[in-house]
Amino acid sequence: RHYISEDIRSGLDFYHAHSYYCDVESQSSILGTTHYGIEFPSVIGQDNILGFQFHPEKSHPPGIAILKNALRHSEKC
């Protein structure tokens with residue numbers, strides 16, 4: 001399990017503003033997926049780089065928790 005998802009349970013709703021998604025070459029880079037008609041990567045990461053297809057800042061408590069996880073990890077680097 002990746003540090004970005006600490007204290008985040010599966011099945012929560014996140015705010016998506018559009019239907020774009022990234023076609024990821026390496027499946028190991030996919031940290032989270034969303035199902036909306038199709039399943040697509042919505043959180044990707046490799047080394048110290050993270051990408052979100054949704055808006056964590058507009059996703060209420062789960063989004064804030066993700067941002068806190070990112071900040072907590074960045075302080076350790």
Side-chain angles (χ1 to χ4, degrees):
R1 189 160 164 144
H2 194 271
Y3 70 85
I4 201 67
S5 61
E6 289 176 7
D7 301 322
I8 308 290
R9 64 180 170 80
S10 181
L12 295 174
D13 292 327
F14 292 87
Y15 182 84
H16 292 74
H18 49 74
S19 59
Y20 301 107
Y21 65 91
C22 185
D23 189 16
V24 181
E25 288 183 20
S26 174
Q27 295 295 309
S28 65
S29 297
I30 300 172
L31 304 177
T33 60
T34 297
H35 185 83
Y36 190 74
I38 62 168
E39 188 168 346
F40 57 90
S42 53
V43 182
I44 58 173
Q46 187 169 335
D47 300 325
N48 65 340
I49 299 172
L50 294 169
F52 304 101
Q53 191 279 341
F54 56 91
H55 291 270
E57 78 284 2
K58 293 182 178 183
S59 296
H60 304 287
I64 298 303
I66 283 177
L67 294 174
K68 284 181 179 179
N69 289 343
L71 287 172
R72 189 172 29 252
H73 181 76
S74 69
E75 292 171 354
K76 295 176 185 177
C77 293

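Below, all heavy atoms of this structure are taken into account, side chains as well, without hydrogens, waters or symmetry copies.
Smallest separation of non-hydrogen atoms from Cys22 and Pro41: O-CG, 3.5 Å. Counting all heavy atoms, side chain and backbone alike, Ala65 lies closest to Ile8 at CB-CD1, 3.4 Å.
In this structure, Ile30 shares a hydrophobic cluster with Val24, Ile44, the cluster being traced through Ile, Leu, Val, Met, Phe, Trp and Tyr side chains under 4.5 angstrom apart.
In this structure, Asn48 CG and His73 NE2 are separated by 7.5 Å, a value rounded to the nearest 0.5 Å. Separating the CZ atom in Phe54 from the OG atom in Ser59 is a distance of 6.0 Å, to the nearest 0.5 Å. In this structure, Glu57 CD and Leu67 CG are separated by 7.5 Å, a value rounded to the nearest 0.5 Å. Note that the CG atom of Asp7 and the CD1 atom of Ile66 stand 11.0 Å from one another [nearest 0.5 Å]. Taking CD of Gln46 as the start and OG of Ser26 as the end, the distance is 6.0 Å to the nearest 0.5 Å.
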field: Evaluation steps, side-chain contact (heavy atoms from CB on, under 4.5 Å), between His16 and Tyr36
entry: CA-CA 10 Å; His16 292 74; Tyr36 190 74; over 6 Å; no

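Formation of a donor-acceptor pair under 3.5 Å by the His35 side chain with backbone atoms of Thr33 is not found in this model.
The shortest distance between side-chain heavy atoms of Leu50 and His2 falls below 4.5 Å. Looking at heavy atoms from C-beta onward, Phe52 lies out of side-chain contact with Leu31 at the 4.5 angstrom threshold.
Other residues, nucleotides and ligands place more than 12 heavy atoms under 6.0 Å from the NE2 atom of His55. Within 6.0 Å of CD in Glu39 there are more than 12 heavy atoms belonging to other residues, nucleotides or ligands. By the 6.0 Å contact criterion, OH on Tyr15 is open, its count of non-hydrogen atoms from other residues, nucleotides or ligands being 12 or less. Counted within 6.0 Å of OH on Tyr21, heavy atoms from surrounding residues, nucleotides or ligands total 12 or fewer; the atom is thus considered open.
Residue Ile64 is not grouped with residue Phe14 when hydrophobic side chains (ILVMFWY) are merged at heavy-atom distances under 4.5 angstrom, including chains of intermediate members.
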